[in-house]
2 protein chains.
Amino acid sequence: MERLTIGRLAQKTGLGRETIRYYERRGLISPPPRSASGYRDYPQEAIGVLGFIKGAQALGFTLREVAELQALIGESKAVCGDMRDRALLKLEDIETKIKRLRSIRQSLKKIIKACPGKGPLSECSIVVGLEGADKKS
Amino acid sequence: MERLTIGRLAQKTGLGRETIRYYERRGLISPPPRSASGYRDYPQEAIGVLGFIKGAQALGFTLREVAELQALIGESKAVCGDMRDRALLKLEDIETKIKRLRSIRQSLKKIIKACPGKGPLSECSIVVGLEGADKKS
DNA sequence: ATACACCCTGTACCCCGGTACAGGGTCAAG
DNA sequence: CTTGACCCTGTACCGGGGTACAGGGTGTAT
């Protein structure tokens with residue numbers, strides 16, 4: 001039976017070898033047992049743990065937050081509602097980001113519309129509109 | 001007539017002194033003349049240049065991109081349409097980010113809905129749903 | 001036995017946008 | 001003439017998420 005080396009784990013999870021070692025340094029995955037020659041020898045569960053990290057990341061959680069989620073999972077008295085609270089906070093976080101981006105989008109659309117699209121930059125509403133503009137040139 | 005020192009410029013623009021020096025290091029603002037004692041002595045135009053940077057940043061441009069915009073402004077044959085192209089690219093960029101965030105938001109909402117909110121974490125759909133989950137505990 | 005792929009550690013580097021010193025010099029008010 | 005607020009340079013650090021070596025050891029197939 002082939003041992004689950006870091007390379008194979010990387011292949012199975014779609015992560016890079018370096019990334020997995022990086023996660024270990026950050027405490028996101030527990031250091032696996034080592035073979036006689038010092039190679040990391042992962043248990044099958046490691047695949048799931050990395051899947052959890054990837055999944056949480058895909059939901060917008062930072063690695064630091066992923067570590068917090070894992071700590072939560074480690075606490076015996078933690079309740080399902082605790083997890084939901086984290087998700088709700090993250091949802092608010094995401095909503096805020098969306099709002100900011102929408103506002104940026106509106107501003108961009110406005111200046112694009114105002115731009116004649118022809119003529120020298122010196123008369124460009126985008127350039128001029130950006131407060132005072134760059135008079136270096 | 002008071003000279004425009006870095007501190008006063010910082011006050012007028014709402015930026016930090018360190019930030020202004022940082023912009024100078026990054027080549028976003030040209031090094032100003034110095035007083036006899038080596039103090040930076042900014043021309044009034046500097047306020048506008050910093051305003052341009054702030055404005056472009058508020059539109060979602062990174063500092064690197066701001067530098068590119070400035071380079072564009074410096075080119076005599078640059079046309080207004082060039083600037084509009086940049087803005088259009090940035091708009092796409094922002095749209096993409098919004099789409100990604102919206103997708104994250106949807107996923108978050110889904111798992112929040114699925115979560116019972118009560119009971120131990122081991123049965124939490126959020127935990128279990130995240131591919132294999134963390135079996136460390 | 002030799003090549004080649006893989007593993008190890010440690011450190012440095014990348015983008016991004018700053019912030020925070022330390023260890024000096026200077027300027028203006030009292 | 002001293003005190004305090006300002007200025008200078010240079011370097012290191014923050015958070016975020018990695019990537020890329022260098023300089024070694026190992027594992028396996030031919």
In whole angstrom, what separates [X]'s [atom1] from [N]'s [atom2]?
| X | N | atom1 | atom2 | answer |
| --- | --- | --- | --- | --- |
| Ile20(A) | dG18(D) | CD1 | P | 11 Å |
| Tyr22(B) | dC15(C) | OH | P | 11 Å |
| Arg17(B) | dC8(D) | CZ | C1' | 12 Å |
| Asp41(A) | dC6(C) | CG | P | 17 Å |
| Ile53(B) | dC16(C) | CD1 | C1' | 15 Å |
| Phe61(B) | dG17(C) | CZ | P | 12 Å |
| Leu63(A) | dG18(D) | CG | C1' | 9 Å |
| Lys54(A) | dG17(D) | NZ | P | 15 Å |

Donor-acceptor contacts, no H, no angles, side chain residues 94-101 of chain B, under 3.5 Å, sequence neighbours left out:
unit_1   : atom_1 : unit_2    : atom_2 : d
Glu95(B) : OE1    : Arg105(A) : NH1    : 3.0
Thr96(B) : OG1    : Glu92(B)  : O      : 2.9

Check DNA chain C against residues 88-105 of chain A and give the residues with a non-hydrogen atom under 4.0 Å, in numerical order. none

For the residue pair [X] and [Y], what are the closest heavy atoms and their distance?
| X | Y | answer |
| --- | --- | --- |
| Gly27(B) | Gln70(B) | O-OE1, 4.2 Å |
| Val66(B) | Phe61(B) | CG2-CB, 4.1 Å |
| Pro43(A) | Leu4(A) | O-CD2, 3.7 Å |

Within the 4.0 Å limit for protein heavy atoms, which parts of nucleotides 24-30 of chain D are touched? Write it as a string from 5' to 3', B for base, S for sugar-phosphate only, - for none. -BBS---

What is the per-nucleotide protein-contact pattern of nucleotides 9-14 of chain D, from the 5' end, where B denotes a base atom under 4.0 Å from a protein heavy atom, S denotes such proximity for sugar-phosphate atoms only, and - denotes neither? B-----

May I have the list of side-chain donor-acceptor pairs in residues 78-88 of chain A shorter than 3.5 Å, sequence neighbours left out?
unit_1   : atom_1 : unit_2   : atom_2 : d
Asp82(A) : OD2    : Val79(A) : N      : 2.9
Arg86(A) : NH1    : Glu68(A) : OE1    : 3.3

Only pairs under 3.5 Å count here: list side-chain donor-acceptor contacts from residues 9-24 of chain A, not counting sequence neighbours, and write none if there are none.
unit_1   : atom_1 : unit_2   : atom_2 : d
Thr13(A) : OG1    : Leu9(A)  : O      : 2.8
Thr13(A) : OG1    : Ala10(A) : O      : 3.3
Thr13(A) : OG1    : Leu15(A) : N      : 3.3
Tyr22(A) : OH     : Arg26(A) : NH1    : 3.2
Glu24(A) : OE1    : Arg40(A) : NE     : 2.8

Verify the contact: side-chain N or O of Thr19(B) to OP1 or OP2 of dG18(C), cut-off strictly under 4.0 Å; return yes or no. no

Taking only N and O in the side chain of Gln57(B), is any of them less than 4.0 Å away from OP1 or OP2 of dG18(C)? yes

Please check this pair: side chain of [X] against backbone of [Y], looking for a donor-acceptor N/O pair closer than 3.5 Å.
| X | Y | answer |
| --- | --- | --- |
| Glu65(B) | Thr62(B) | yes |
| Gln57(B) | Leu63(B) | no |
| Lys90(B) | Gly60(B) | yes |

Checking side-chain contact (heavy atoms from CB on, under 4.5 Å) for the pair Ile104(A)/Leu108(A): CA distance, chi angles, key distance, verdict? CA-CA 6 Å; Ile104(A) 288 176; Leu108(A) 273 174; 4.1 Å; yes

Quick one: do Ile29(B) and Tyr39(B) end up in the same hydrophobic cluster if we chain Ile, Leu, Val, Met, Phe, Trp and Tyr together by side-chain heavy atoms under 4.5 Å apart?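 No, because Ile29(B) and Tyr39(B) fall into different hydrophobic clusters, even though each may have its own neighbours under 4.5 Å.
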
State which of dG18(C), dT19(D), dC6(D) makes the closest approach to the side chain of Tyr23(B). dG18(C)

